[in-house]
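Note sheet for the following structure.
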2 protein chains.
Amino acid sequence: MPEPQDLDPRKAAILEAVVNEYIGTAQPVGSQHVARSAGINVSSATVRAEMVALEREGYLVQPHTSAGRIPTDKGYRYFVDQLGEPGVLGPAQRQKVSRFFEQVHGEMEEMLERTSGLLCDLTSYASVVLPPGHESAPVRSVQVVGLGPRLALLVVVLADGAVEKRSIELDEEVPEAALTQVTVRLQAAAQSRPLGGVLDAGPSGDPVVDRVVDLAAAAMADLVSADHDRVFVGGSSRLAAAFDAVDTVRSVLGILEQQLVVVSLLRDVLERGLSVAIGAEHGYEPLASCAVVVAPVPVDGHEVGAVGLLGPTRMNYPQALAAAKVVGERLGQRLGSGEQAGQQLGPGEQATAAGGARGRRRRHAGR
Amino acid sequence: MPEPQDLDPRKAAILEAVVNEYIGTAQPVGSQHVARSAGINVSSATVRAEMVALEREGYLVQPHTSAGRIPTDKGYRYFVDQLGEPGVLGPAQRQKVSRFFEQVHGEMEEMLERTSGLLCDLTSYASVVLPPGHESAPVRSVQVVGLGPRLALLVVVLADGAVEKRSIELDEEVPEAALTQVTVRLQAAAQSRPLGGVLDAGPSGDPVVDRVVDLAAAAMADLVSADHDRVFVGGSSRLAAAFDAVDTVRSVLGILEQQLVVVSLLRDVLERGLSVAIGAEHGYEPLASCAVVVAPVPVDGHEVGAVGLLGPTRMNYPQALAAAKVVGERLGQRLGSGEQAGQQLGPGEQATAAGGARGRRRRHAGR
DNA sequence: GCTGGCACTCGATTCTACCGAGTGCCAAGC
DNA sequence: GCTTGGCACTCGGTAGAATCGAGTGCCAGC
């Protein structure tokens with residue numbers, strides 16, 4: 001595969017001008033526009049000649065003869081690779097981010113949801129927030145609560161403030177006392193260990209208790225893999241504006257509704273070390289007219305979550321990259337500080353029952 | 001305000017024919033089409049005369065001269081009021097519903113989300129599921145878990161299987177033992193009482209414990225009002241197909257993202273005893289081109305939740321009403337049986353840790 | 001190698017003519 | 001007196017022709 005860096009500086013400048021113009025106007029860009037752009041000091045005829053070359057090499061296409069050019073996916077890719085630095089947000093945007101992370105508070109789910117709203121607000125694209133998995137978060141508490149004659153609920157509290165639950169259906173009626181015993185045994189076996197690393201509790205002598213402990217342990221193992229498909233999607237209404245074809249909107253929205261697809265898409269892109277997937281670069285055919293920008297949410301060093309933006313391929317990449325990067329980092333810091341101290345409240349927050357009605361009612365991000 | 005029943009049978013039949021036709025085709029309906037409809041045994045000229053009257057009375061409008069008629073909101077309203085019975089679902093639909101409620105299982109949140117998916121599937125409109133509030137569900141367990149030096153987490157398990165949590169920021173460092181004591185005291189005060197009716201725990205002698213108990217009690221009171229703005233929205237992609245104006249789609253999607261608005265809209269419609277709100281009947285200007293169908297989710301007699309459908313005013317009301325009614329009822333039964341016995345697993349479900357990976361991966365409904 | 005000039009292309013826009021679904025009205029008929 | 005068939009009229013939608021203009025490719029000259 002040919003190196004993308006094989007463009008001479010003038011071609012690169014022309015390509016950049018086309019991309020920038022097209023991102024703004026969504027109209028094919030003609031040679032005159034390019035010639036008038038800053039940084040281009042040649043005539044339109046020369047630009048035309050270069051454009052022919054760029055088209056031959058696959059960076060541009062003409063929608064039809066006698067129209068301007070628009071970038072191909074390859075063109076966008078080159079453009080994105082060129083801008084080494086992710087760019088910075090404008091001052092207004094920066095302030096929005098700072099203000100957001102100063103004042104945000106409440107339970108983690110709500111914070112993630114509102115983070116998704118922030119991203120939409122910053123970029124006007126649809127946003128996705130993948131919460132960090134908590135395989136590695138130490139267990140703070142395990143509890144088995146009876147709900148009915150043959151039904152119990154396993155409730156696990158993790159050090160990062162997450163609470164997970166799972167129903168357990170029992171083969172037989174189990175007295176409350178036995179469940180208490182189960183809780184005690186599990187608590188001992190799981191306390192301070194990561195969720196994935198809960199050790200066997202060992203036999204207790206009471207077969208009923210052992211049986212329930214086994215069921216609960218299975219449920220806990222299940223929880224570890226379960227939290228992968230949680231995801232917060234926001235701003236899907238922005239997509240309606242981004243695409244003009246109604247059925248494109250419909251199909252993209254439909255995909256955003258399949259959370260599992262979204263999750264694996266983002267993880268996949270992230271795993272390949274990319275921060276942008278343009279057009280068909282991710283495998284999903286139905287999203288071929290979309291670009292995805294991803295940034296990790298690094299919590300205490302290792303990356304555990306992700307934020308993403310979904311928009312048309314003619315996306316404002318510098319802005320989107322900057323927004324995703326900054327928000328991902330800040331979110332990671334926030335979650336990281338929580339991991340250590342369980343801190344999830346804003347600094348200015350009153351020392352009181354957290355997340356009063358005032359804050360909670362301010363949800364903006366859609367799911 | 002004139003009674004809507006002031007239409008003679010023939011006018012009513014004509015109006016009905018227009019509505020039915022228009023729902024199907026989205027095209028203005030001419031007098032000839034109506035005259036050919038079943039149940040209309042007069043000539044097109046007569047139909048025309050009647051249509052003039054119907055237009056004068058506000059049930060129909062002409063988009064322009066020499067076009068057919070389309071129903072006004074008032075016309076739809078009459079139509080909806082006429083069909084006394086909500087109608088029944090087709091056999092295929094019925095089967096889908098039955099199959100769904102036979103096989104659905106897992107935690108409540110997931111079930112509600114998938115119910116929302118079911119509604120979309122049945123009607124091809126966007127759907128909303130308002131979970132029942134659990135003010136009245138008895139508390140099964142209360143726990144305060146320390147997360148950091150000055151942060152604790154209140155975890156409440158309710159008899160219906162719901163788990164609620166709230167962070168508590170502490171004024172000072174509280175030893176683990178004190179938190180345990182707090183848990184014990186709260187447990188005693190709250191056990192088996194509804195969440196809203198937790199009594200005062202009374203002084204314990206230890207001021208630190210009392211302080212934390214107070215904070216926790218405040219947090220619990222807060223939880224009661226908190227669960228109002230949870231809502232599951234599904235099938236927003238369907239809206240893109242329902243409206244042809246792109247900005248209508250955009251604004252409606254934007255509204256669906258504001259969960260609080262959706263919740264209060266549905267509650268409002270339900271409180272007014274309506275099952276359908278057409279056009280401007282609900283107060284929300286931006287949804288003037290939409291109709292909302294609502295059905296209660298009655299759990300053990302009193303209505304506590306709701307399911308809703310959001311579509312264009314030219315909605316298939318009989319189908320939507322039937323679907324909402326049936327799904328609302330079935331969901332209520334399901335949740336009701338859970339209230340008593342905590343039963344949330346399908347009858348055919350294996351007695352094992354519930355909601356294995358297989359089931360969990362099958363999410364369809366978008367948020 | 002760059003530039004201005006020039007002929008050419010082709011989508012978009014405008015204009016016109018026309019079709020036809022649908023209406024309103026009216027006189028004749030049951 | 002309601003109903004009906006007939007008829008003139010309206011007007012949005014479609015098709016075709018003419019026009020416009022942004023943009024291209026090519027080429028000769030600087």
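Note: hydrogens, waters and symmetry copies are ignored here, and every other heavy atom, side chains too, is used. Naming convention: chains lettered A, B, ... in sequence-line order (proteins, then strands); numbering from 1 in each chain.
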Nearest whole angstrom, please: distance from the P of C:dG24 to the CE of B:Met51. 9 Å
Proximal nucleotide (of C:dT9, D:dT3, C:dC6) relative to the A:Arg48 side chain: C:dC6
A:Ile40 has an atom CD1; how far is it from atom P of C:dC2, in whole Å? 13 Å
With a non-hydrogen cut-off below 4.0 angstrom, is B:Gln62 in contact with a base, only sugar-phosphate, or nothing? sugar-phosphate
Separation of B:Glu50 atom CD from D:dG1 atom P, in whole Å? 17 Å
Side chain of A:Val42 - closest among D:dT4, D:dG23, C:dT3: C:dT3
Would you say the side-chain atoms of B:Asp8 pair up with the backbone N or O of B:Lys11, donor to acceptor, closer than 3.5 Å? yes
In whole angstroms, the gap separating C1' of D:dG23 from CG of A:Leu60 amounts to 14 Å
Considering only D:dG5, C:dT3, C:dG24, which nucleotide approaches the side chain of A:Ser43 most closely? C:dT3
Are the side chain of B:Glu21 and the backbone of B:His33 linked by a donor-acceptor contact shorter than 3.5 Å? no
Test your reading of the model: is there a side-chain donor-acceptor pair from B:Thr72 to the backbone of B:Gly75, 3.5 Å cut-off? yes
Please check this pair: side chain of A:Gln93 against backbone of A:Gly90, looking for a donor-acceptor N/O pair closer than 3.5 Å. no
I need the CD-C1' distance between A:Gln32 and D:dG25, as an integer number of Å. 14 Å
Treating A:Thr248 as the side-chain partner and A:Phe243 as the backbone partner, does any N or O pair qualify as donor plus acceptor under 3.5 Å? no
Distance check needed: C:dG24 P versus B:Arg56 CZ, whole Å only. 11 Å
Is there a donor and acceptor pair closer than 3.5 Å between the side chain of B:Thr65 and the base of D:dT10? no
Atom-pair distance (NZ on A:Lys11; P on C:dG1), nearest Å: 11 Å
Of the options D:dT4, D:dC11, C:dG22, whose atoms approach the side-chain atoms of B:Thr46 most closely? D:dT4
B:Glu21 CD to C:dA21 P, straight-line distance once rounded to whole Å: 15 Å
On DNA chain D, does the nearest nucleotide to B:Asn41 precede the nearest nucleotide to A:Glu55 from the 5' side, or the other way round? Give the residue. B:Asn41
Would you say B:Arg69 reaches C:dT23's phosphate, i.e. side-chain N/O to OP1/OP2 under 4.0 Å? yes
Indicate, with a heavy-atom threshold strictly under 4.0 Å, whether B:Ala67 touches base, sugar-phosphate, or nothing. sugar-phosphate
Looking only at side-chain N and O atoms, does B:Ser66 come under 4.0 Å of OP1 or OP2 in D:dT10? no
Short side-chain N/O contact to C:dG4 OP1/OP2 from A:Ser44, under 4.0 Å: no
